Number of protein chains: 2
Amino acid sequence: MQPSVLVVEDEQAQREILAYNLAAEGFRVIEAADGTEALLLIEEETLDLILLDWMLPGTSGIEVCRQIKAKPAFRTIPVIMISARSEEVDKVRGLETGADDYIVKPYSVIELLARVKAQLRRSRPGSVGVRLVYEEIVLDAETHKVFRGRNELKLGPTEFRLLTTFMEKPGRVWSREQLLDRVWGRDIYIDTRTVDVHIGRLRKVLGHHGEVDLIRTVRGAGYALG
Amino acid sequence: MQPSVLVVEDEQAQREILAYNLAAEGFRVIEAADGTEALLLIEEETLDLILLDWMLPGTSGIEVCRQIKAKPAFRTIPVIMISARSEEVDKVRGLETGADDYIVKPYSVIELLARVKAQLRRSRPGSVGVRLVYEEIVLDAETHKVFRGRNELKLGPTEFRLLTTFMEKPGRVWSREQLLDRVWGRDIYIDTRTVDVHIGRLRKVLGHHGEVDLIRTVRGAGYALG
DNA sequence: CACCTTTGTTACATTTATGTCATGAAATCT
DNA sequence: AGATTTCATGACATAAATGTAACAAAGGTG
């Protein structure tokens with residue numbers, strides 16, 4: 001569950017520094033050198049946060065921010081503006097671009113990362129508080145509790161996410177690759193066979209009281225619930 | 001009957017955060033971006049409380065407050081002022097604007113909601129709950145006293161707010177980040193592991209007489225009550 | 001000022017979860 | 001059937017997450 005951060009900065013050196021530090025902190029970093037590229041990437045990628053330089057060639061940072069905030073689909077993505085001088089902060093604020101935070105050059109990497117994390121913390125209130133039901137299995141995302149009939153099941157984090165995925169679309173067949181992407185996270189290199197092991201573990205817990213196996217193995221394709 | 005709260009704040013992001021949290025708590029939220037708009041809405045809407053930012057473009061928050069308090073028809077509506085720095089509190093107080101309470105940024109959501117409820121309780125007795133109960137634990141928000149069965153527990157401020165958060169939604173799993181936001185306050189950068197320590201402290205007090213541990217650790221996710 | 005409380009961080013111990021591998025079973029193909 | 005591929009599962013070393021004691025800084029109180 002690596003958050004994706006888009007870095008929009010025209011100066012290559014600056015951009016690389018940002019990218020390096022963010023990557024070191026475990027973020028997936030996507031880079032854009034100007035506003036046009038940024039706006040394209042916003043559509044294509046699934047972003048969790050945008051770091052936006054105030055000064056950009058062509059479409060200015062402010063304009064990019066305004067356009068992002070104008071689209072309902074992307075309005076909720078936090079935008080942190082980076083401006084060159086402290087005096088400009090007031091201008092930016094005054095212009096009401098809708099940025100979620102501002103940071104002024106020169107900034108410390110620590111400060112930047114802290115703000116990035118603060119924004120992510122705020123915008124990701126965890127998975128949606130839903131209750132998934134399939135046959136006699138009930139999964140409550142808010143309390144993280146899982147029941148089969150009357151029995152509460154004790155699942156490890158990975159098995160919990162695995163089951164959540166299955167229950168979001170009962171019957172759908174997921175390939176091992178898809179499950180790795182969704183349950184483990186993208187850009188992670190893990191043997192696809194590992195999925196088998198976790199499926200086994202999930203089966204063990206689900207059938208702990210001798211119930212029928214609800215997970216279906218689809219030979220050559222993957223697994224499905226029911 | 002849902003109490004109506006008017007939020008007067010020029011920064012859209014801030015305003016939305018306030019609106020979101022108040023709405024989540026069951027309030028009807030009305031928003032205004034400046035003093036003029038606020039004064040209009042006060043006439044039009046039937047308000048139960050006003051949250052007023054000190055810094056506003058045009059008519060300042062102080063001026064808005066003064067005008068509200070000058071009209072006999074609206075004088076009884078509680079006004080909570082929000083100011084950016086603690087030093088300003090004194091100014092605000094000194095100016096005797098007639099505000100009913102003050103809150104300083106950065107504030108925790110818990111604190112804000114507590115104050116809102118406290119004001120509403122004063123003006124509309126009986127409309128806001130003050131006492132949280134979960135199993136044999138009783139938390140009285142007004143007196144700040146906590147009991148487990150017959151024993152009164154002595155909690156530090158942080159542990160008290162932690163427990164309050166948990167008791168508002170028993171069973172719900174809170175991530176460390178969410179707890180930091182809610183219990184410690186936004187715009188504060190603290191190591192997430194610190195949450196663990198405070199959970200430990202809270203557990204110690206709650207189980208001081210050898211009772212079962214009511215706080216559940218959810219690996220990879222956070223903590224929950226029950 | 002001395003004293004006490006609260007707080008955040010750190011370091012280390014402990015628990016729990018994870019990924020890989022080896023082996024054998026089951027399905028599929030020739 | 002025999003060969004081949006695909007899957008299930010127990011074991012195990014490692015990694016990751018959590019619990020907790022100790023400590024120092026900050027703040028409050030008398």
Side-chain angles (χ1 to χ4, degrees), chain A residues 1-2 25-26 110 114 117-118 144 146 153-165 173-185 187-208 212-224, chain B residues 86-87 104 106 108 110-111 144 146 153-164 173-185 187-208 212-224:
Chain A
M1 299 307 173
Q2 199 187 23
E25 205 68 15
I110 298 259
K117 287 179 188 168
H144 271 240
V146 182
L153 307 179
K154 197 184 160 295
L155 293 173
T158 306
E159 281 74 56
F160 182 81
R161 288 194 302 266
L162 198 51
L163 181 59
T164 305
T165 302
V173 179
W174 301 82
S175 72
R176 290 175 175 72
E177 287 76 13
Q178 286 172 328
L179 290 173
L180 280 177
D181 254 19
R182 198 154 162 134
V183 175
W184 276 259
D187 296 338
I188 206 159
Y189 51 93
I190 285 179
D191 194 313
T192 54
R193 285 283 151 220
T194 299
V195 174
D196 298 31
V197 176
H198 281 276
I199 290 284
R201 285 169 182 158
L202 177 56
R203 274 183 169 139
K204 192 174 200 172
V205 180
L206 284 177
H208 193 253
V212 292
D213 186 10
L214 286 176
I215 295 178
R216 180 164 49 103
T217 302
V218 184
R219 214 181 158 77
Y223 298 94
Chain B
S86 56
E87 309 138 36
V104 178
S108 74
I110 291 259
E111 186 187 358
H144 267 234
V146 182
L153 306 179
K154 194 181 163 299
L155 292 173
T158 306
E159 281 73 57
F160 180 81
R161 275 175 291 167
L162 243 189
L163 183 59
T164 306
V173 177
W174 302 82
S175 72
R176 287 165 230 275
E177 288 77 10
Q178 288 171 333
L179 290 173
L180 280 177
D181 251 20
R182 234 180 125 101
V183 174
W184 275 259
D187 295 338
I188 206 155
Y189 311 114
I190 289 178
D191 194 312
T192 54
R193 296 291 270 103
T194 298
V195 174
D196 298 32
V197 176
H198 281 274
I199 289 285
R201 286 169 181 159
L202 176 56
R203 273 185 170 137
K204 196 173 202 169
V205 180
L206 284 177
H208 193 253
V212 292
D213 186 9
L214 286 175
I215 295 179
R216 176 166 53 107
T217 301
V218 183
R219 282 218 155 217
Y223 298 94

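Quick note on labels: first sequence line is chain A, next is B, and so on, each numbered from 1. Keep in mind it's a predicted model, so treat the numbers as computed, not measured.
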d(A:K204 NZ, A:E159 CD) to nearest 0.5 Å is 11.0 Å
Do B:V218 and A:F160 come within less than 4.5 Å of each other through their side chains, counting heavy atoms only?
no
Separation of A:W184 atom CH2 from C:dA17 atom C1', in whole Å?
12 Å
Between A:R219 and B:R203, just flag the one whose closest nucleotide in DNA chain D comes earlier from the 5' side.
A:R219
Rounded to whole Å, CD1 of A:I199 lies from P of C:dG19 at a distance of 13 Å
Hey, what do you get for OG1 (A:T217) to CD1 (A:I199), rounding to the nearest 0.5 Å?
7.5 Å
Please state how far atom CZ in A:R176 lies from atom P in C:dG19, giving the value in whole angstrom units.
15 Å
Could you state the atom-to-atom distance from NE2 of B:H144 to P of C:dT6 in whole Å?
14 Å
Comparing A:L155 with B:L155, nearest DNA chain C nucleotide closer to 5' gives the residue B:L155
Rounded to whole angstrom units, what separation is found between the CG atom of A:L202 and the P atom of C:dA17?
14 Å
Value rounded to 0.5 Å, distance of CG in A:L155 from NE2 in A:H144
11.0 Å
Interatomic spacing from CG in A:L162 to NE2 in A:H198 - rounded to 0.5 Å:
8.5 Å
Min and max contacting nt of DNA chain D in 5' to 3' order, chain A heavy atoms within under 4.0 angstrom, are D:dT5 to D:dA11
Is the distance from OP1 or OP2 of C:dT7 to the nearest side-chain N or O of B:T158 less than 4.0 Å?
yes
Mind listing the N/O atom pairs, protein and nucleotides 20-22 of chain C, below 3.5 Å?
from   : atom 1 : to     : atom 2 : distance (Å)
C:dT20 : OP2    : A:D191 : N      : 3.2
C:dT20 : OP2    : A:T194 : OG1    : 2.5

Could you check if a side-chain atom of B:E177 sits within less than 4.5 angstrom of a side-chain atom of B:T192, using non-hydrogen atoms only?
yes
Enter the distance from A:W174:CH2 to A:D181:CG here, rounded to the nearest 0.5 Å.
10.5 Å
What bend angle does the helix from C:dC1-D:dG30 to C:dT30-D:dA1 show across its length, from five-pair end axes and to the nearest 10 degrees?
30°
Please work out if B:V218 contacts a base, only the sugar-phosphate, or nothing of the nucleic acid, heavy-atom cut-off 4.0 Å.
sugar-phosphate
Would you say B:R216's side chain and B:A224's backbone share a donor-acceptor pair under 3.5 angstrom?
no
Can you find a pair of side-chain heavy atoms, one from B:R176 and one from B:D196, that are under 4.5 Å apart?
yes
Mind checking if A:F160 touches a base, just sugar-phosphate, or nothing, with heavy atoms under 4.0 Å?
nothing
Euclidean distance, B:L179 CG relative to B:W184 CH2, rounded to 0.5 Å
7.0 Å
Please report the distance, rounded to the nearest Å, between CG in A:L162 and C1' in C:dT18.
13 Å
With a 3.5 Å distance limit and no angle check, can you tell me whether A:R203 reaches the backbone of A:I215 through a side-chain donor-acceptor pair?
yes
